[in-house]
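The next block holds one structure in the form of structure tokens; read it before the comments.
Residue numbers start from 1 in every chain, and the chains themselves are labelled A, B, ... in the order their sequence lines are given, proteins ahead of strands.
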Amino acid sequence: MPELAEVEFFRRQWNPGHGQRVLSVETHPRARVFRDTPADAVATALTGRVFRESQAGAKQLLFRFDGPVWLGLHLGMSGELAARSPDYPAGKHDHLVVRTKSAALVFRDPRMFGRVQLQAGETPPPWWTRLAPPILSPAFTVEAVAEFLERRQGAPIKAVLLMQERFPGIGNWMADEILWRAAIHPQQPAGTLRPAAVRGLWRECRRVCRLALATIAGRTEADTPPSLNIRIPDAWLFNHRWRDGGRCPRTGRPLVRAEVGGRTTCWSPARQKRR
DNA sequence: GTGCTTGTTGGCCA
DNA sequence: GTGGCCAACAAGCA
């Protein structure tokens, strides 16, 4: 599930652990999320450390503990973070539980496409520093987008929007939302967008990121069970895209779903035409 | 049982 | 070497 704003939402779920010492770490050592880093190494590295801060970038999370030791989490398709009471018993899909005096910090991931990474030392891990500049940062320019689209000119624009090396944090639903707002057909080859369309795409990338963060990231867990149930304004494509017979909130015309770039894609033919 | 799923990776091929 | 496509990973849900 998690795309940019949901990742930020989950980052905040571990905030109750800030400034707290790790008393113990529980894992499911054979879970696939530990394919890069053995679970016992994570447990050894974190136990006794104080949790200091966290950051979200693209679809990844980075937690810094005293040492320093860095814990990296990718939430994959179904990863979720939560803070529970200290005596919370780990469930079937709770692959990592970090226990402090006042909270159990839980990483749950039924499908296990997520991953856990570990790094010791003063500097953040290389995979973190290599992340593309955030879409809401000044480094995300129209020129950078135009250049990237030129290089991927043959690929459908929908597939290009999913490439984290330029559009960090964009996932399937955000890509559809952006293209719908920018009135661009998902199948259109990236290299065929006119300069005005590229600028529109750039603008909507930033707008959707801003709106998503404002709408999703700050919610409390109580009114946000699984992220699918987040209440999103009906003016967004989001609320209509998975329903059969869904209609475009702007034109009232029927929406269409089909596979584009290997992913299920929803668009409004009345609004998004190939040019 | 079937057929989906908001992500990423590596292998294949042009 | 680069770009584009696809299967695979795994579990839950309708």
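Take the nearest nucleotide of DNA chain C for A/R108 and for A/R32: the residue whose nucleotide is more 5' is A/R32. The residue among A/L162 and A/E259 whose nearest nucleotide of DNA chain B lies closer to the 5′ end is A/E259.
Applying the 5.5 angstrom centroid cut-off and the 30 degree plane-angle cut-off, the aromatic ring of A/F113 is not stacked upon the base of B/dT8.
The NZ atom of A/K59 sits 4 Å away from the P atom of B/dG7 (whole-angstrom rounding). Atom pair A/E165:CD and B/dT9:P shows a separation of 11 Å (rounding to whole Å applied). Across the protein-nucleic acid pair, A/D109 atom CG and C/dG12 atom C1' stand 12 Å apart, rounded to whole Å. The nearest whole Å value for the distance from the CD atom in A/E6 to the C1' atom in B/dG7 is 12 Å. As rounded to whole Å, 9 Å separates atom P of B/dT9 from atom CD of A/Q164. The CZ atom of A/R263 sits 12 Å away from the C1' atom of B/dC4 (whole-angstrom rounding). In this structure, the NE2 atom of A/H74 is 4 Å from the P atom of B/dT8, given to the nearest Å. One can place CE of A/M163 at 8 Å from C1' of C/dG3, the figure rounded to the nearest angstrom.
Spacing between B/dG3 and C/dA7 at atom P, rounded to whole Å, works out to 15 Å. A distance of about 22 Å separates the C1' atoms of C/dC9 and B/dG1, rounded to the whole Å.
Annotation: the span from A/R30 atom CZ to A/M112 atom CE amounts to 11.0 Å, rounded to 0.5 Å. Rounding to the nearest 0.5 Å places CZ of A/R199 at 16.0 Å from CZ of A/R194.
Residue A/H93 places none of its side-chain N or O atoms closer than 4.0 Å to OP1 or OP2 of C/dA10. Using a 4.0 Å cut-off, some side-chain N or O of A/R151 falls inside it from OP1 or OP2 of C/dG3.
Within 4.0 Å of A/G154, counting heavy atoms only, lie sugar-phosphate atoms of the nucleic acid but no base atom. At a threshold of 4.0 angstrom between heavy atoms, the contacts of A/P189 with the nucleic acid are absent.
Nearest to the side-chain atoms of A/R115 among the listed nucleotides C/dA10, B/dG7, B/dT9 stands B/dT9.
With A/L4 as the partner, the side-chain contact (heavy atoms from CB on, under 4.5 Å) test is satisfied by one option alone out of A/L136, A/V208, A/I170, A/L213: A/L213. Between A/E26 and the choices A/V106, A/L96, A/V97, A/V98, the side-chain contact (heavy atoms from CB on, under 4.5 Å) rule is met once, by A/V97.
Of the charged side-chain nitrogens involved, at least one lies within less than 4.0 Å of a carboxylate oxygen, so that A/D176 and A/K158 count as a salt-bridged pair. Residues A/E147 and A/R151 are not paired through a salt bridge, judged by the lack of any N-O separation under 4.0 Å between the basic side chain and the carboxylate.
The closest side-chain donor-acceptor pair between A/R11 and A/S54 falls under 3.5 angstrom.
Contact annotation: the side chain of A/P126 approaches that of A/Q119 to within less than 4.5 Å [non-hydrogen atoms, C-beta and beyond].
In secondary-structure terms, DNA chain B builds stems of at least 3 consecutive Watson-Crick or G-U pairs, each pair having both distances under 3.5 Å, at B:2-5 with C:11-14, B:7-14 with C:2-9.
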